[in-house]
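In what follows, chains are A, B, ... by sequence order, proteins preceding strands, each numbered from 1.
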2 protein chains.
Amino acid sequence: MDTTQRTEQQRSADRRRRELLEAADRVVLRDGPGASMNAIAAEAGITKPILYRHFGDKGGLYAALAKRHTDALLEALRAALDAPAERRERVEATLDTYLAAIEARPQVYRFLMHPSEGGPQSDQGFDVGLHSAPLLRRMGEELSKVIEERVDLGPDSAQLARVWGHGIVGMMHAAGDWWLGERPCSRAELVRSLADLLWGRLAAAGDKVGGPSF
Amino acid sequence: MDTTQRTEQQRSADRRRRELLEAADRVVLRDGPGASMNAIAAEAGITKPILYRHFGDKGGLYAALAKRHTDALLEALRAALDAPAERRERVEATLDTYLAAIEARPQVYRFLMHPSEGGPQSDQGFDVGLHSAPLLRRMGEELSKVIEERVDLGPDSAQLARVWGHGIVGMMHAAGDWWLGERPCSRAELVRSLADLLWGRLAAAGDKVGGPSF
DNA sequence: CTCACATGTTACTTGCGGTAACAGTAGCCT
DNA sequence: AGGCTACTGTTACCGCAAGTAACATGTGAG
């Protein structure tokens, strides 16, 4: 067969693909998630149909783009999660890693999580409806695995671990999103507060007495 | 003044508005969040510009639509949250209320949370990017208030309560979203697992020994 | 030289959000 | 009555973005 030739051509195609993704990245980071295919093609120095030949449709481009960032973030999280340290330390390190990532590149984060919120007249963005889930889901599954591997939860551990994995990721995500918007405290404080929550401080706290009237 | 006349006209306008919202509701529930303004107008028996006169733009229609459902859900949550019962009971009741709501009307839920995921060719949906936050945010703020009112957290209670409010809501949301998709267990089990997480079972559990190799 | 193939283009269709300009209708004011 | 305002409704259009068809061009293999 022509495998050797194929590989050569394939390599060139892959390089092109990577270049296109980087161009897309630049545009998305500059113009927000509302970036149009035309704009991306222009940034890459080519025209639309080529993008479509490479990625099928806009969702494909988005998926490829998201996968890059998602993979990178997941790797960082895995490192923090799998470190040989006390559980609380690991939890705090993981929370901090995530928050540091979204703090450092809020544009990327918003692109991954929140679809069209670009410019004033950009009402249609990437259809992240089906794609924003994956990041959260993948993080949830990853965390679930680690929990089940390393925490002794008795019977039903598999199910419990999955519920907790997704729940904790959701907590991290929502709190991070809110924090990124309002910046009501430092990152370290946020990490500490969330870890405290996970450590049962809600259950341990007493009822408030002398509260409002009743 | 012409207040009396105005009220009469206003009433008619309000009735129309409500009718339009109900039509929009039907269409969104049927066609998913990718419903077009034309489709909504047709369902209401009128044409597009009228929708725009009433709601300004698509975001306005969405916001009005979302507000109805959000208000209803928030009211139910408030009731569970403010009940005169033990804290754990209240937490479980609130979780269950939320999960029951999204279980009963997944279409509404997906519309509120996830934008365009409609039909196969519907790539642009409502720009929920800026509107899905509100529901989560409002729930988070609501919960924050209740936490601060009723739980004794010592100094920094305000900040801590807000972090926890948003975090817990995010946990509930993410776990609910995942659960709704996979249905890995009953609602009661999910509620119990999440409450256990909030009650510090993660911190209380021991390390797993004899785990994978290390 | 020519065939096959990959790369690139221009020019188009479709469909949606949003708007302008026009038409009919009900009540009030003098 | 007749006209003024204000609301409801329409058709017909613009702009823009996704996605596609058809055409052009370079390049290595036989």
Measure the distance from CD1 on B:Ile46 to P on D:dT8 and round it to the nearest whole Å.
11 Å

B:Arg16 vs D:dG9: side-chain N/O to OP1/OP2 distance below 4.0 Å:
yes

Specify the separation, in whole Å, of atom NZ of A:Lys58 and atom P of D:dT20.
14 Å

Measure CG/B:Leu20 against C1'/D:dT8 and give the value in whole Å, please.
11 Å

Whichever of A:His54 and A:Lys48 has the more 5' nearest nucleotide on DNA chain C, that residue is A:His54

With a 4.5 Å cut-off on side-chain heavy atoms, are A:Leu112 and A:Tyr62 touching?
yes

Are the side chain of A:Trp164 and the backbone N or O of A:Leu143 linked by a donor-acceptor pair below 3.5 Å?
no

Rounded to the Å, how far apart are A:Ile50 CD1 and C:dT7 C1'?
6 Å

Spacing of A:Arg53 atom CZ relative to D:dA18 atom P, expressed in whole Å:
18 Å

From CD of A:Glu19 across to P of C:dG8 the rounded distance in Å is 9 Å

Here's a test of your reading of the structure: between A:Gly45 and B:Asn38, which maps to the more 5' nucleotide of DNA chain C?
A:Gly45

Quick one: list whatever passes side chain to side chain donor-acceptor pair (under 3.5 Å) with B:Arg192, sequence neighbours left out.
none

From C-beta outward on B:Tyr52, which listed nucleotide comes closest to its side chain: D:dG19, D:dG9, C:dT19?
C:dT19

When you measure from the side-chain N and O atoms of A:Thr47 to the phosphate of C:dG8, is any distance below 4.0 Å, counting only OP1 and OP2?
no

Could you tell me how far apart A:Asp31 (CG) and D:dA17 (C1') are, to the nearest whole angstrom?
14 Å

